[in-house]
Trainee: 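To start, I am sharing the structure in question, which I have written as structure tokens.
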Number of protein chains: 2
Amino acid sequence: MLKLTRKVEYALIALRHMQGKELESVSSTKEIAVRYNIPIEILAKTLQHLAKENIIEPINGPHGGYRLKAQLGDINLVEFFERVEGPLGLSDCFYDSNCVQIDYCNIRTPIQRINANMMSMFRSMSVQDVTN
Amino acid sequence: MLKLTRKVEYALIALRHMQGKELESVSSTKEIAVRYNIPIEILAKTLQHLAKENIIEPINGPHGGYRLKAQLGDINLVEFFERVEGPLGLSDCFYDSNCVQIDYCNIRTPIQRINANMMSMFRSMSVQDVTN
DNA sequence: TTTATATCCGATAGATTCTGTCGTATATAT
DNA sequence: ATATATACGACAGAATCTATCGGATATAAA
Ligand code: FES
Ligand code: FES
């Protein structure tokens, strides 16, 4: 409950790794996987995903890899989490509405308030706050 | 990711239900399950758990059920979540330390900071803020 | 042009957590 | 006695999370 997924953690680890290098330099999936002891295949997918989201830029071929593309300071954590994992919320009831309780629920409004607090907290931090 | 469990939602629904009734009056599992369309067996366990935590008080026999025992305003949400679901944290790495990355991780400290923010946000709200 | 290194991507499998069910025991008001 | 309620362990099904496999495309360098 209320945990980040590995995918998000791997993404952040990789971004921090890239952030720590010179601007133009390139990091390969293998390099990162070995360095941080992350299963290479799953990291590969994560980086492909980040590339599709234009957060990093892929470079093919030998000596290839990825380098930062987006300004990490411009991406707040809600946006980041949603781009990596999809819709965010304390409960599905806000964006899904398939909830069996929805017609009877007596806590929907208060939960929504708490959810708003949580979102606003994450929105107040950028990816760079994590990778610095 | 970052969602409440049903168990927590059911607990909050039940507590709010009880809060809305007269102080001495008793609510049975069945009454609540029917009212909010919650599977009765799972609600039963949830209420038994709340009773063990001294948050509600069980009353056996016909016309029995549960009634509020604790002051909901005195229980903050971190405490509540932990009493219902166990240890809370954005990542297991803080209380578990079985993480494979732990020796190499470059985001542990920043994540811990974010985690502290989240905890403090939930700590600033009481169960009553949800059930009122 | 061949080779080696790298990203790309769908399909699948395994593990864990979440959610719900069943059976049986115990307590008590009527 | 009987009906109604809580108590509780064991289990099963579903959903999500995590990891693996196979084979494709791109490109630098020999
Ligand atoms: S639990 Fe879904 S609407 Fe309240
Ligand atoms: S992911 Fe576990 S210590 Fe960073």
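Bear in mind the structure is a predicted one, so any value in this text is a computation, not a measurement. Order of the sequence lines fixes the chain letters, A, B, ..., with proteins taken first and strands second; residue numbering starts at 1 for each chain.
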Trainee: Would you list the pairs meeting side-chain hydrogen bond (donor to acceptor under 3.5 Å, both in side chains) in which at least one residue belongs to residues 72-81 of chain A, sequence neighbours left out?
Mentor: A/Glu79-A/Arg83
Trainee: C/dT7, D/dT6, C/dC9: which one has an atom nearest the side-chain heavy atoms of B/Tyr66?
Mentor: D/dT6
Trainee: Over how many whole Å does the gap from B/Asn98 atom CG to C/dT16 atom P extend?
Mentor: 11 Å
Trainee: Using whole Å, report how far CG of B/Leu2 lies from P of D/dC17.
Mentor: 10 Å
Trainee: So, B/Arg113 side chain and A/Asp129 main chain: donor-acceptor pair closer than 3.5 Å or not?
Mentor: yes
Trainee: Could you state the NE2-P distance from A/His63 to C/dA6, rounded to the nearest angstrom?
Mentor: 8 Å
Trainee: Round to a whole Å and report the spacing from CG of A/Asp92 to C1' of D/dA15.
Mentor: 11 Å
Trainee: List for me each residue that meets side-chain contact (heavy atoms from CB on, under 4.5 Å) alongside B/Asn132, sequence neighbours excluded, and say none if there are none.
Mentor: B/Gln19, B/Gln128
Trainee: Send over the distance from A/Lys3 NZ to C/dT17 P, rounded to a whole Å.
Mentor: 8 Å
Trainee: Are A/Tyr104 and B/Met18 connected, step by step, through hydrophobic side chains (Ile, Leu, Val, Met, Phe, Trp, Tyr) whose heavy atoms are closer than 4.5 Å?
Mentor: yes
Trainee: Restricting both atoms to N or O, compile the protein contacts to nucleotides 20-28 of chain C shorter than 3.5 Å, with distance only.
Mentor:
| from | atom 1 | to | atom 2 | distance (Å) |
| --- | --- | --- | --- | --- |
| C/dG20 | OP2 | B/Tyr10 | OH | 2.9 |

Trainee: Which pairs pass side-chain hydrogen bond (donor to acceptor under 3.5 Å, both in side chains) with one or both residues in residues 42-52 of chain A, sequence neighbours excluded?
Mentor: A/Lys7-A/His49
Trainee: Please, which pairs that meet salt bridge (Lys or Arg N to Asp or Glu O under 4.0 Å) have at least one residue in residues 22-33 of chain B, sequence neighbours excluded?
Mentor: B/Lys21-B/Glu31, B/Glu24-B/Arg67
Trainee: Tell me which of A/Met1 and A/Ala51 sits closer to the 5' end of DNA chain C, going by the nucleotide each one is nearest to.
Mentor: A/Ala51
Trainee: Hey, could you give me the CZ/CG distance between A/Phe122 and B/Leu2, rounded to the nearest 0.5 Å?
Mentor: 5.0 Å
Trainee: Would the distance check show the side chain of A/Asn115 and the main-chain N or O of A/Leu90 forming a donor-acceptor pair, the cut-off being under 3.5 Å?
Mentor: yes
Trainee: Between C/dT7 atom C1' and A/Glu57 atom CD, what is the distance in whole Å?
Mentor: 13 Å
Trainee: Tell me which residues in residues 11-33 of chain B put a heavy atom below 4.0 Å from DNA chain D, sorted by number, or none.
Mentor: B/Ser28, B/Thr29
Trainee: Roughly how many Å is it from CG in A/Leu90 to C1' in C/dC18, rounded to a whole number?
Mentor: 17 Å
Trainee: Using atom CD1 of B/Ile59 as one end and atom P of D/dT4 as the other, report the distance to the nearest whole Å.
Mentor: 18 Å
Trainee: Rounded to the nearest 0.5 Å, what's the gap from CG on B/Asn37 to CG on B/Leu43? Could you check?
Mentor: 11.5 Å
